Q: 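Okay, here's the structure, questions in a sec.
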Amino acid sequence: MTTTFGKGHHLHLIDGSAYIFRAYHALPPLTRKSDGLPVGAVAGFCNILFRYLERNKSGDAPTHVAVIFDHSSKTFRNDIYPAYKANRPELPEDLRPQFPLTREATRAFNIACIETEGYEADDIIASLSCKARDAGGAVTIISSDKDLMQLIGDGVNMLDPMKNKLIGPDEVFEKFGVAPNRVVDVQSLAGDSVDNVPGAPGIGIKTAALLIQEYGDLETLLARAGEIKQPKRREALVDNAEQIRISKRLVQLDCDTPLDFTLDSLEVRQPEPDILMGFLNAMEFRTLTQRVANSLKVAPPPAPAMVVATGTPDADAGAAPAAALPFDHASYECVRDADALAAWIALIRERGHVAIDTETTSLDEMRAELVGISLCVVAGRACYIPVGHKQGGGDLFGSTDLMPGQMLLAEVLALLKPVLEDDAILKIGQNMKYDAKIFARHGVTVAPLDDTMLMSYAMHAGLNAHGMDALSDKYLGHSPIPIKQLLGSGKGQITFDRVPIDEAVKYAAEDADITLRLWELFKPQLHRARVTTVYETLERPLVPVLAAMEMAGVQVDRDTLSRMSNAFAQKMAGLEDEIYQLAGERFNVGSPKQLGEILFDKMSLPGGEKGKTGAYATGADVLEDLATEHELPGRVLDWRQLAKLKSTYTDALQDHINPETGRVHTSYSLTGAVTGRLSSTDPNLQNIPVRTEEGRRIREAFVAPKGRVIVSLDYSQIELRILAHVADLPAMKQAFLDGHDIHAMTASEMFNVPLEGMDPMIRRQAKAINFGVIYGISGFGLARNLRIPRAEAQGFIDRYFERFPGIREYMNDTIAFAKEHGHVQTLFGRKIHTPEINAKGPGAGFAKRAAINAPIQGTAADVIRRAMIRMPAAIAGMDAKMLLQVHDELLFEVAEDAVDALIPAARAIMEGAAAPAVHLSVPLVVDAGRGANWAQAH
DNA sequence: GGGCTCACG
DNA sequence: GACGTACGTGAGCCCG
């Protein structure tokens, strides 16, 4: 049938990856109508292929053709030079899922589709060119990539598809000033900032070409570099010879890429109309479907077909609308051997993404042991890989024998690691920080990732919860198997490793299935809700940063805490004796109910007010008022302070010291607060005492190991600065610009008193008002806070509004915005929903104040998030770790000799964190402290 | 498990 | 005109 490739044959090599990027950037972000799948790049790619085929119908048609793709961004060149192509911007979010579709498109056009792991498309093109040329055939490389120009000559030329212009040796000389066979030499010298090829500093293409022209080739030039007259050029070459040689290895294309096919297999084939039309129709490209139908002289298929043609028939289920597909627990697969896992990995590679979930023995990621991993690539089709299920479901002796029929964890991880770390495969999870930490403890860095919980949060903060059960219920109309059903609850609760494997398969695979379906649903919604930037710049990139902080943990000294606990216990016992004496009887001081009865019934102290539950209020404010009447309330207050410190801090904190690391590992919730703030749990390290002297001493237990110090950097008055900016308060802005005491300035402005020698009481009142404004001030609240008559408080507020008219405007505008849109937003576009804003009754008051506060608190939260995301790169070279975040403070552990470098670097990141997205009209100022422990550093 | 109290920003 | 109110969190304890 065919003769072997050789003389008279003409091979076209199409640079597919370049086409994808061009198509992506040339077209608006198209999505498939039926399900919102991004397909803009696929559409452009198909158009280019179609036009290419049409053009070849007339004229110089090739006999053989292939489209070549980059397999992933990591290649053998990264082993030579890790920074190679390291400064490439991250792939656009909506492009990655289109990669596999462009492969499908190529196959649908019946064109050979080629990629090889570890090699760039350019290397495969080079190898094929050499092979074809050596066989005596002609080659045309269809690309405008200058890196391919080194291949030109001897029957190999290039075609720039943009300009439809042939590139031969003359055009190469025009660009590089040398013949094609010396292009590599010029590139090695000139380097390339786009690909991060270093080259020789100060030498560009012009100079490089002159040098090569003069000396002939690179090796001769390097050998005789000492003869160069210009001192700068001479030094650049002599000092950087090694770097230049590395550059050469980076730009030199590899002509020996392994190829597992023959040139003959690339022979031009006509598209199969059914397959091509089926694909185009499934992608819902109406115009192109019609045009291709005309060209192939066939009838276009009936419009919306819901099934995407994919490489394997198995994957077809994925095209049905995810939400509508029922959940079939029986269909989930249990993966028990390497072959089965390999099949899943092949499917993952084909699709370019995978939903993943881990099952473990604990919610504490630092102690949890991996029990199983579930994967889902296509809605409705998921698997579970058990690795740590144990015999004898929950017997008393805690048998440690593994159940038979499980793969070895090490083997599973070895197979999955390349997938989990592959740049080109998106890993999707619900609360991925958890799973990423589990994998990180096994030496696997999961990236890139998407997180359905964070997507939900970016879209719907303030509207609903973002846990898997809530999301599945709301969006998929499906209640997942409750974990209680497997583990039980209370005393008899078992851990996941004791769950029978067939039960675990259903539960675990379902979670991955749900996650994938949510992702398919949320992906296009993110764009429509206009929170893609929020998600991509403020949510997702924080995941690895927080994971690293949590895993690092903070060293807490058990002895210090233990000694404090003992001291507190003694003091409390003494106070209890006094309290019993004063009360005339023994009772439980910790019981507000009993205390209320003693104070107000037995002792008949004034002001006993019962709340809605019928109990007397005995809060600190009530007891403080009563302290003037009697000694007992004061003692109770003292006792309560100690009880709090002991139970919540000095006792509980000790239980959180990880026995393996000797450190305390908190867990941050990215979705814990509606405003964008983080929250901290298990333990909460964002509320360690500081306001009282006794409490502050607990921070002495947060220490740095020998040779290291604790460094604290905190934003000064960040919320007030943001308020001054958003409400446009010129006087306040000026005070910040001048570095003045902001509360004193406020007092001076309001009460017409000079700054010099100001009464501290006046300043205190002004400070309370400043904070009140941030919280959505009310006369009642301010009156209570300052313990002044309500009318007086209202007078303060009126005067404040008079002096800072921007405030009232900001409040009114914000509430009006919330009423109209149902949400407010931060300067960075984070949306906080306010569903109660139009409610009647007292709820409306809450909603209004929350609406006023949210943009300010939320903007401050966004600022420190941005700083945290940039921090790892900024301190990369230093022996320093970021450990904790407390809303406006970042805590670091730093080697003593690195402190002087860290502080200015971290401060610069924090102070500049708003830019360039937002230009604040007020400077952000960061204060720094250092010491052996947190108390000293603060 | 809800309510109270109190630690933080 | 009355109602109830500072904004955002998490944890430990009591008590039903």
Side-chain angles (χ1 to χ4, degrees), chain A residues 461-462 489-490 587-596 610-623 636-637 639-653 655-656 666-669 671-692 694-696 698-699 714-720 723 768-786 790 793 797 824 832 834 840-858 860-861 864 884-889 938:
Chain A
S489 62
F587 67 100
N588 185 347
V589 184
S591 163
K593 184 167 169 271
Q594 293 181 30
L595 176 66
K610 293 189 177 180
K612 49 191 165 206
T613 54
Y616 290 113
T618 66
D621 49 345
V622 177
L623 297 189
V636 173
L637 281 170
W639 182 91
R640 275 200 186 154
Q641 198 205 346
L642 296 173
K644 176 78 172 181
L645 295 177
K646 183 171 185 296
S647 70
T648 308
Y649 300 103
T650 55
D651 287 350
L653 221 39
D655 299 334
H656 282 284
T666 184
S667 180
Y668 288 101
S669 168
T671 60
V674 290
T675 54
R677 274 195 179 179
L678 303 178
S679 70
S680 159
T681 61
D682 308 304
N684 181 355
L685 294 186
Q686 290 182 321
N687 70 348
I688 302 302
V690 70
R691 289 173 186 170
T692 66
E694 251 175 335
R696 185 160 47 236
I698 290 172
R699 297 188 174 216
D714 70 291
Y715 284 106
S716 160
Q717 309 285 7
I718 187 168
E719 292 193 352
L720 269 182
L723 174 71
I769 302 170
N770 276 334
F771 276 102
V773 168
I774 293 172
Y775 296 150
I777 198 159
S778 76
F780 182 91
L782 183 65
R784 206 178 63 168
N785 190 280
L786 285 176
R790 198 172 152 178
I797 293 170
V824 292
I832 297 116
T834 55
K840 299 263 179 271
F846 279 112
K848 279 183 190 170
R849 290 191 297 273
I852 290 164
N853 173 256
I856 301 166
Q857 187 182 116
I864 197 164
L884 300 179
Q885 187 251 43
V886 192
H887 309 308
D888 62 0
E889 172 186 10
H938 195 79

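Keep in mind that the numbers below use all heavy atoms, side chains included, and drop hydrogens, waters and symmetry copies. By convention in this document, chain letters (A, B, ...) are assigned in the order of the sequence lines, proteins followed by strands, and residues within each chain are numbered from 1. Just so it is clear, the structure is predicted and the values come from calculations on it, not from any experiment.
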Q: Would you find a donor on one side and an acceptor on the other, under 3.5 Å apart, between the side chain of A/Arg677 and the backbone of A/His887?
A: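 It does not hold such a pair.
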
Q: Are the side chain of A/Tyr715 and the backbone of A/Ala860 linked by a donor-acceptor contact shorter than 3.5 Å?
A: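 No; zero donor-acceptor contacts below 3.5 Å.
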
Q: If the cut-off is 4.0 Å, is A/Arg691 near the phosphate of B/dC8, judged by side-chain N/O to OP1 or OP2?
A: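 A/Arg691 to B/dC8 OP1/OP2: side-chain N or O found under 4.0 Å.
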
Q: Can you tell me the distance, in whole Å, between the CD1 atom of A/Ile864 and the P atom of C/dG8?
A: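 Spelled out: CD1 on A/Ile864 to P on C/dG8 is 19 Å.
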
Q: Answer yes or no: does a side-chain N or O of A/Asn687 lie under 4.0 Å from OP1 or OP2 of B/dG9?
A: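 False: A/Asn687 side-chain N/O out of range (4.0 Å or more) of B/dG9 OP1/OP2.
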
Q: Looking at C/dG8, I'd like to know if its phosphate oxygens (OP1 or OP2) sit under 4.0 Å from a side-chain N or O belonging to A/Arg677.
A: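 Answer no for this pair, as no side-chain N or O of A/Arg677 is under 4.0 Å from OP1 or OP2.
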
Q: Of all the choices, C/dA6, B/dC8, C/dT5, which nucleotide is nearest to the side chain of A/Arg699 once you look at every atom?
A: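 So the nucleotide nearest the side chain must be B/dC8.
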
Q: Taking the side chain of A/Phe846 as heavy atoms from C-beta outward, which of B/dT5, C/dC15, C/dC7 is closest to it?
A: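 Closest nucleotide to the A/Phe846 side chain: C/dC7.
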
Q: Considering only side-chain heavy atoms of A/Pro689, which listed nucleotide, C/dC7, C/dG10, B/dA7, is closest?
A: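 Of all the options, the side chain of A/Pro689 is nearest to B/dA7.
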
Q: Within this structure, what is the CD1-to-P distance between A/Ile797 and C/dT5, rounded to whole angstrom?
A: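 Answer to the nearest Å: 16 Å.
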
Q: Both distances below 3.5 Å, Watson-Crick or wobble geometry, any strand: find the nucleotide opposite C/dC3.
A: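 Pairing partner: none.
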
Q: The side chain of A/Pro592 is closest to which nucleotide in this list: B/dG9, B/dC4, C/dG12?
A: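 The answer is B/dC4.
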
Q: Considering only the C1' atoms, how many Å lie between B/dG2 and C/dA6, rounded to the nearest integer?
A: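 The same atom, C1', in both gives a distance of 24 Å.
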
Q: What distance, rounded to whole Å, do you find between the two C1' atoms, one in B/dC6 and one in C/dC3?
A: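 Their C1' atoms lie roughly 27 Å apart.
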
Q: I need the NZ-P distance between A/Lys646 and C/dA11, as an integer number of Å.
A: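 These atoms are roughly 19 Å apart.
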
Q: For the pair made of OH in A/Tyr668 and P in C/dT9, what is the distance, rounded to whole Å?
A: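 From A/Tyr668 OH to C/dT9 P: 17 Å.
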
Q: Between A/Gln885 and B/dG9, does any side-chain N or O lie under 4.0 Å from OP1 or OP2?
A: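 For B/dG9, neither OP1 nor OP2 has a side-chain N or O of A/Gln885 closer than 4.0 Å.
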
Q: Between C/dG8, B/dG9, C/dA6, spot the one nearest the side chain of A/Ala673, thanks.
A: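 Output: C/dG8.
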
Q: Among the nucleotides C/dA6, B/dC6, C/dT5, which one has an atom lying closest to any side-chain atom of A/Lys644?
A: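 The listed nucleotide nearest to A/Lys644's side chain is B/dC6.
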
Q: Taking OP1 and OP2 of C/dG8, is either one under 4.0 Å from a side-chain nitrogen or oxygen of A/Ser679?
A: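 Checking A/Ser679 against C/dG8: no side-chain N or O falls below 4.0 Å of OP1 or OP2.
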
Q: Is the phosphate of C/dA6 approached by A/Arg784 (side-chain N or O, under 4.0 Å from OP1 or OP2)?
A: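 So the side chain of A/Arg784 is within the cut-off, an N or O lying under 4.0 Å from OP1 or OP2 of C/dA6.
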
Q: Out of B/dT5, C/dG16, C/dA6, which nucleotide sits closest to the side chain of A/Lys593?
A: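 Output: C/dG16.
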
Q: For A/Ile774 and B/dG9, what is the distance between atoms CD1 and P respectively, to the nearest whole Å?
A: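 Result: 14 Å.
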
Q: Is the side chain of A/Thr666 donor-acceptor paired with the backbone N or O of A/Asn684 at a distance under 3.5 Å, no angle test?
A: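 Not at all, since once roles are kept as given, no pair shorter than 3.5 Å links the two residues.
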
Q: Measuring from the side chain of A/Ala850 (C-beta onward, heavy atoms only), which nucleotide among C/dT5, C/dG10, C/dG8 has the closest atom?
A: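 For A/Ala850, the side-chain atoms sit closest to C/dG8.
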
Q: Are A/Ser591 and C/dC15 close enough that a side-chain N or O sits under 4.0 Å from OP1 or OP2?
A: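 Affirmative; the distance criterion is met.
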
